[in-house]
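These notes are about the structure you will find just below.
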Amino acid sequence: MDSIGPVGLGSRDGPQGCPPEGLPHPSDSSKVVQKCLQQFMVTKAQLQQIQDSLLDSMEQALMGHSGPMPAVRMLPTYVGSTPHGTEQGDFVVLELGATGASMRVLWVTLTGTKGRRVQPRSQEFVIPPEVMLGPGQQLFDFAAHCLAEFLEALPVGNQCLPLGFNFSFPCHQTGLDRSTLISWTKGFRCSDVEGQDVVQLLREAIKRQGTSNLDVVAMVNDTVGTMMGCDPELGPCEIGLVVDTGTNACYMEEARHVAALDEDRGRVCVSIEWGSFGDDEVLGPLLTPFDRALDQESLNPGAQRFEKMIGGLYLGELVRLVLAHLARRGILFGGCTTPALLSQGSVTLEHVAEMEDPSTGAARVLAVLQNLGLRPGPSDVELIQHVCAAVSTRSARLCAAALAAVLSRLQHSREQHTLQIAVATGGQVFERHPRFHNVLQETVMLLAPECDISFIPSVDGGGQGVAMVTAVAARLAAHRHLVEETLAPFQLDQERLASVQVQMREAMAKGLRGEASSLSMLPSYVRATPDGSERGDFLALDLGGTNFRVLLVRVAAAGVKITSQVYAIPECVAQGSGQQLFDHIVDCIMDFQQRQGLGGQSLPLGFTFSFPCKQVGLDQGILLNWTKGFNASDCEGHDVVALLREAIGRRQAVELKVVAIVNDTVGTMMSCGYEDHRCEVGLIVGTGTNACYMEELQNVAGVPGDSGHMCINMEWGAFGDDGMLDVPITCFDASVDRESINPGKQRFEKLISGMYLGEIVRHILLHLNSLGVLFRGQQTQCLQTRDIFKTKFLSEIESDSLALRQVRAILEDLGLPLTSDDALVVREVCQAVSRRAAQLCGVGVAAVVEKIRENRSLEELTVTVGVDGTLYKLHPHFSSLVAATVRELAPRCAVTFLQSEDGSGKGAALVTAVACRLAQAAQV
Ligand code: 0WK
Ligand code: BGC
Ligand code: BGC
């Protein structure tokens, strides 16, 4: 055998390639033949070894454990479900690569009615060899040209047609229409395509061709097209098996077993790419010298070894190599060879199939060999048929072993011992070879007797299946478009943000001058941040955030010690009478004093009251209007310190000295200022949002004095209430505003803060649900309920550490019937809404720090912003997005964001402490 080598004319070949001397002894020849054909025999044990080894590499690759040269690739195809027959419409399918040197274009009409099929129209185009081996652009231009030629003949008009690209090569897909070619196989080797997105290359070629009405929406491997094309009445098929020029299979794997996917439910179709199996010498013992010779002369030596033992592109060549070998050994054709017999590719799959045809085979042998310039003798004919049968039988048996491995994998992943499954088959070897299908079926039943398999030949080479996937892709693409359209207004570009910053600066200036402005710019009468000399025990109240807290704050040289208690403010109290609200507050104070054993002590009290108050002094604040779901009567326009004192009076509570009322932004600034003296801005992004900062007193109209500073509570929640806010107010924002208890008020707040983001998301989800994009368009009762989509869900759903399955768990707890695609869309909606909120918040901070910088005519300003609020603290990306926006809009300010640890209650106590210190200093 050692003499068999790469093809080429041996020196021994006489005229017509016949040997000068006599033929070998017959007894030797049958041994030679037997030994030669024996090599193609694969025992059951060897088949089982292949089955086990291939199963092992499949599971290794599924878990993402692949060696440098993966035996099989296990490529997710983003096809998540077998067809449910409802897909409908007209689709164009371009097939490239399945059938060797031809390309096929199909027009497929899906009726959407089970069992009603419309015969696709199709046209085949032969691909010139120089195109299969030339520059990639040439190949894709050729494809675009064929598409144009095909469509010219059809009444297309300017209807936009979704196109499914049936591309039968190993590709890494990251979506139905995003697919990178890993490596060419079979007879293709175009340059500048491997590593490229082939969908993009086709789109560019179609554009160059000027065909405007084709929209490439999906790339599908031929095995997937074959599986999806299987008649649902007979299937559904869950395995797609192709043996054409090349070979491969796909199957429906449990998504949770595919490491490459962040998915734990449902199934996903995986293209195995078993053609590359055996590269790590598993197949070594089975490889004959003919296989090695074929591999050496192939376009991709060392690759696709398994495919080269099975695929139709190679069967004919293997037969030719054996025939040439036996001819040289004088066993065939009287030892004669011909240039045709010695030239690669002269024996094709068709030849092998014809020569094996049980009825016409013998005659075909003569015809085929005569075409090669040979005159086979009668014994040659039978031997040649044996050679064909040996090669094709091995191919079918190896293919069966591979299929048996897939069946074992399905038994594993579905924890089922007996499996009933339908396999869709496609490809010329199945269609043309007389025995391939039967040998394969018999061998599979031998290797997987516990499986009940039905083989369903694909009717049109998978064209229908590709159209099915394209229909799904087209639907997803349409949905994608609707999602992008819906979320587009939430994208605020740099220019827009800068214009809002300018608007805010103008409103700040007007507010400070006491002119009409949506920014109240309220003096807080806090003139200084703590200097660390404050001392004493103070009571503090913190009302207006998620929780109402009563605090005991001990300010000592060693630092500040806080004891606090959270109390609920029932909605009926927050929206009841003012008297009821303040009585409730005093009840909480008294409960706290009791718990803390403060009975009889009259401690100075600082009141963090997180609502817009016009202060006329540190301890006088007229409530301008409620916000954030509060609406207690008889409070607006009243001094809330007086209301508190009256309630204290009504309860005969221990005389409490209310020394200061501060906004939570001021409390937060003071609290952080105690840690970092550069803290001159307070920011709250919680239930509501607002900011304060230290303004030059000379700039504050209505407050005497023009030196020193005063902390200004901006009440930026109301920014834009005068309509002067250059941010698109979407219909979802309008719905949230309309349904709020203060429509038309707190515009800026309703785009940013925690009380509203969840509601904005809920309205968007309802909209996308009504468009059929989400939850399969099924009415979702739960989403009709106000506030059911909590803002904290945004923080959870957007957390990077949360896998999609956890996102789905949150949403399912809400009772939403969702798919993984839905979960992805919901996450995208949350991201768009929170991103806009963070950017707008960043605009506000940039406006403030730039104001301070300009106030002090500084080139550079270094400043700290004290921050509090659940949304800012808990959302995974909010704070970094705010900081990024500030860096872009206030590049000359070095801004540090310091999260307040103890909330603004401490700040209120510090303000009280400063006031008490100043009061004592004044008495001395
Ligand atoms: C904690 C502060 C409080 C402020 C709140 C805002 O102590 O004064 O109102 O943060 O955040 P929210 O609780 O509304 O999320
Ligand atoms: C390709 C596969 C394809 C198979 C059948 C192989 O060469 O790598 O992607 O499915 O041929 O066409
Ligand atoms: C209030 C502000 C408060 C902010 C944050 C807004 O609704 O008007 O006074 O600072 O919420 O709590």
Side-chain angles (χ1 to χ4, degrees), residues 73 75 95 97-100 166-171 181-188 220-226 240-250 271-276 300 303-304 306-308 310-313 426-428 462 520 522 540-549 551 564 608-613 623-630 662-668 671 682-692 713-718 742 745-746 748-750 753-755 791-792 867-874 900-908:
R73 301 184 185 280
L75 303 168
E95 281 183 358
T99 52
N166 184 346
F167 186 71
S168 312
F169 299 94
C171 290
L181 174 64
I182 299 169
S183 62
W184 286 114
T185 62
K186 295 165 278 191
F188 286 77
V220 186
N221 183 265
D222 56 346
T223 55
V224 180
T226 299
L241 169 58
V242 166
V243 186
D244 199 307
T245 51
T247 181
N248 183 22
C250 69
S271 166
I272 301 169
E273 286 296 339
W274 65 23
S276 58
N300 52 355
Q304 300 295 102
F306 194 55
E307 174 163 84
K308 288 168 182 166
I310 298 174
L313 184 64
Q428 297 169 58
S520 313
L522 304 165
L541 306 178
D542 186 350
L543 177 74
T546 312
N547 305 308
F548 168 53
R549 291 194 309 160
L551 308 87
S564 72
T608 301
F609 184 76
S610 313
F611 301 94
C613 284
L623 174 61
L624 296 174
N625 56 276
W626 285 115
T627 64
K628 291 178 291 188
F630 276 71
V662 295
N663 184 261
D664 54 353
T665 54
V666 179
T668 298
S671 171
L683 170 67
I684 295 286
V685 192
T687 316
T689 183
N690 186 15
C692 72
N713 165 13
M714 298 177 65
E715 285 300 333
W716 77 12
N742 55 351
K745 294 275 180 57
Q746 300 295 99
F748 198 57
E749 178 163 85
K750 285 171 181 166
S753 77
M755 182 159 193
T791 296
K792 73 178 171 68
V867 193
D868 208 334
T870 322
L871 177 58
Y872 185 95
K873 283 184 166 177
L874 296 187
S900 153
E901 294 316 322
D902 313 302
S904 61
K906 168 182 164 187

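Source: prediction; values computed, not measured. Hydrogens, waters and symmetry mates are skipped; everything else that's a heavy atom, side chains included, is used. Both counts, for ligands and for their atoms, begin at 1 and track the order of listing.
The distance from ligand 2 to the heavy atoms of T185 drops below 4.0 Å at these ligand atoms: 1 (C), 6 (C), 7 (O), 8 (O). Residue-ligand proximity, Q304 to ligand 2, at heavy-atom distances under 4.0 Å covers atoms 7 (O). The E273 neighbourhood of ligand 2 comprises atoms 1 (C), 2 (C), 8 (O), 9 (O), with distances under 4.0 Å to a heavy atom of that residue. Per-residue contacts place E307 under 4.0 angstrom from the following atoms of ligand 2 (heavy atoms of the residue considered): 6 (C), 7 (O), 11 (O). Residue N221 has at least one heavy-atom neighbour below 4.0 Å for each of these atoms of ligand 2: 2 (C), 3 (C), 9 (O), 10 (O).
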Check your understanding: T689 and L871: side-chain contact (heavy atoms from CB on, under 4.5 Å), yes or no, with the steps?
Key -> CA-CA 10 Å; T689 183; L871 177 58; over 6 Å; no
Practice item. May I have the step-by-step check of side-chain hydrogen bond (donor to acceptor under 3.5 Å, both in side chains) for S904 and D664, ending in yes or no? Key: CA-CA 5 Å; S904 61; D664 54 353; 5.7 Å; no
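K745 contributes no side-chain N or O that, together with a main-chain N or O of W626, makes up a donor-acceptor pair within less than 3.5 Å. No donor-acceptor pair under 3.5 Å is formed between the side chain of Q428 and the backbone N or O of D244. Put simply, the side chain of N663 gets close to the backbone of T665: a donor and an acceptor are under 3.5 Å apart. Using modelled atom types, no side-chain atom of T668 and backbone atom of V867 make a donor-acceptor pair closer than 3.5 Å. Checking side-chain atoms of K308 against main-chain N and O of A303 turns up a donor-acceptor pair under 3.5 Å.
The neighbour count for K873 NZ, taken as heavy atoms of other residues, nucleotides or ligands under 6.0 Å away, is above 12.
Near ligand 1, residues D542, G545, T546, R549, T608, S610, D664, I684, G686, T687, D868, G869, T870, G903, S904 each place a heavy atom inside the 4.0 Å sphere around the ligand atoms. Listed by chain and number, residues touching ligand 3 at under 4.0 Å (heavy atoms only) are S610, F611, P612, T627, K628, N663, D664, T665, I684, G688, T689, N690, E715, Q746, E749.
Not close to ligand 2: G275, with no non-hydrogen atom less than 4.0 angstrom away. At least one heavy atom of D222 sits less than 4.0 Å from an atom of ligand 2.
Exactly one of N248, T185, I272, N221 qualifies for a side chain to side chain contact (heavy atoms under 4.5 Å, CB included) with P170. That residue is T185.
Between the CZ atom in F611 and the CG atom in N625 there is a gap of 10.0 Å [rounded to 0.5 Å]. Once rounded to the nearest 0.5 Å, the distance linking CG of D868 with NZ of K906 reads 11.0 Å.
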